[in-house]
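Contents: one structure, followed by commentary.
Numbers here simply count residues along the sequence, with the first being 1. Heavy-atom basis, side chains included; hydrogens, waters and symmetry copies ignored.
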Amino acid sequence: MTGPSPVLARAQALLLAGRAEESLGELATLPAAEAVGLVAIQLRCAALAQLDRWPEVAEAARAGLGAAGPDPDLLRQLGRAEHALGRSEVAERALLDGLALAPQDVDLLCTYADVCAANGQVDKAAQLVARAAAVAPDAPVVYATRIQVAYAGGDDRTAQRISREFVAAYPENPAAHALLGSTSAVRGQVGPAYAGFRQAAAAMPTEQAFAESAMDLRIARHPLMLPLRPILRFGALKTWAVAVAAIFGLRAAGVPALSAVVAVLWLLFCVYSWVVPPLVRRWLRRNWR
């Protein structure tokens with residue numbers, strides 16, 4: 001019995017290191033007969049998915065299914081790709097076909113849960129991730145999916161709590177730190193959010209999104225950005241709605257002078273929000289380490 005191909009081993013190692021382009025380069029060196037093997041196709045789909053090249057993921061997964069027959073991992077990748085391409089019904093069919101082959105497959109269950117959560121089927125998503133947790137409660141993908149489902153259900157507090165548990169269980173996992181950063185940012189906790197993304201960027205420097213998020217949050221936690229925290233926490237639209245309601249509410253209550261003061265303060269706040277962030281961003285980017 002021969003061992004795994006050195007090319008496939010290198011491609012898998014590169015993929016695990018987040019170097020998907022290099023992984024694809026290794027796979028391109030495979031002989032034609034080996035390139036259409038199941039493992040090679042699985043790795044190709046995973047690398048393309050890491051690069052968000054979803055049309056190519058769908059094409060590669062379908063080609064693999066045609067060549068190798070039904071396979072749970074290829075059906076999972078096909079489901080992910082079809083969902084990313086906006087074809088949710090096709091995605092669900094692929095994932096259900098995969099679960100028919102492997103009903104206890106944690107990755108399939110979590111992928112299906114993600115799709116359901118994104119489509120607003122939060123209860124169904126919660127049931128699916130509960131099934132996955134019954135099989136592998138401490139799997140990273142289960143932690144990540146529980147966070148996504150909690151967030152989709154509007155439970156930001158629970159999402160952040162699970163993120164902390166994820167980091168405690170996997171302190172070296174960049175995705176755990178990134179999710180803690182995301183859930184903290186949603187709750188307006190700029191310090192923990194920055195720390196989470198900074199840790200994620202340090203653990204996976206090839207992931208540009210982590211570094212960009214860390215930079216954005218470094219800007220947000222600058223003292224000059226403190227007056228703008230309501231926008232970060234509640235969003236520009238909600239902040240604007242509160243200001244307008246206050247201005248017109250005071251006028252309707254018979255205190256036009258106070259209404260005018262609030263209107264002037266709101267105008268100054270708007271000018272500040274337009275002028276200061278670009279200046280802070282330029283200064284910090286120039287001195288970014």
Side-chain angles (χ1 to χ4, degrees), residues 15-20 49-52 110 113-114 117-118 129 133 136-239 269 272-289:
L15 187 61
L16 291 173
R19 297 158 64 182
Q50 200 172 98
L51 295 167
D52 294 335
C110 287
D114 281 337
V129 76
D138 296 323
V141 68
V142 172
Y143 275 113
T145 307
R146 287 173 61 210
I147 293 164
Q148 298 295 347
V149 171
Y151 181 73
D155 193 347
D156 299 340
R157 186 182 299 274
T158 296
Q160 187 183 43
R161 175 181 58 77
I162 300 170
S163 297
R164 289 198 182 102
E165 294 172 1
F166 191 5
V167 168
Y170 295 93
E172 304 301 320
N173 190 310
H177 289 285
L179 285 168
L180 180 56
S182 296
T183 55
S184 298
V186 166
R187 303 197 67 212
Q189 299 173 6
V190 177
Y194 172 69
F197 276 111
R198 189 64 187 266
Q199 289 279 354
M204 187 176 281
T206 58
E207 182 53 68
Q208 189 64 27
F210 293 164
E212 286 294 329
S213 295
M215 183 70 230
D216 289 341
L217 286 159
R218 187 185 181 207
I219 293 166
R221 68 199 291 264
H222 191 278
L224 288 174
M225 297 293 287
L226 279 172
L228 304 179
R229 289 288 175 85
I231 294 178
L232 181 67
R233 175 66 180 91
F234 303 108
L237 185 59
K238 287 184 179 179
T239 306
F269 178 84
Y272 190 94
S273 72
W274 300 331
V275 173
V276 172
L279 294 176
V280 173
R281 178 179 291 274
R282 186 178 304 169
W283 169 258
L284 290 180
R285 280 194 179 277
R286 190 172 66 183
N287 295 279
W288 176 251
R289 296 289 184 269

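With values rounded to the nearest 0.5 angstrom, I147 atom CD1 is found 3.5 Å from S163 atom OG. Here the OH-CZ distance, from Y151 to R157, works out to 15.5 Å after rounding to the nearest 0.5 Å. Here the straight-line distance linking atom CZ of R161 with atom CG of D156 works out to 13.0 Å at 0.5 Å rounding. Rounded to the nearest 0.5 angstrom, S184 OG and R164 CZ are separated by 6.0 Å. In this structure, I162 CD1 and D155 CG are separated by 8.0 Å, a value rounded to the nearest 0.5 Å.
Using the six-membered ring where Trp is involved, Y170 and Y143 have ring planes that are perpendicular, over 60° apart on the 30 and 60° scheme.
Across all their heavy atoms, P230 and P227 have their closest contact at CD-O, 3.4 Å. Contact detail for A193 and G181: the closest heavy-atom pair is CB-O, 3.3 Å. A178 and A200 get closest at one heavy-atom pair: N-CB, 3.8 Å.
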Intermediate values then yes/no, side-chain contact (heavy atoms from CB on, under 4.5 Å), L180 and F166
CA-CA 8 Å; L180 180 56; F166 191 5; over 6 Å; no
Would R146 and T158 count as a side-chain contact (heavy atoms from CB on, under 4.5 Å) if you check the C-alpha gap in whole Å, the side-chain angles of each, and the deciding distance to 0.1 Å?
CA-CA 9 Å; R146 287 173 61 210; T158 296; over 6 Å; no
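Between the side chain of H177 and the backbone N or O of V167, no donor-acceptor pair lies under 3.5 Å. Of the possible polar contacts, none joining the T145 side chain to the V142 backbone as a donor-acceptor pair under 3.5 Å is found.
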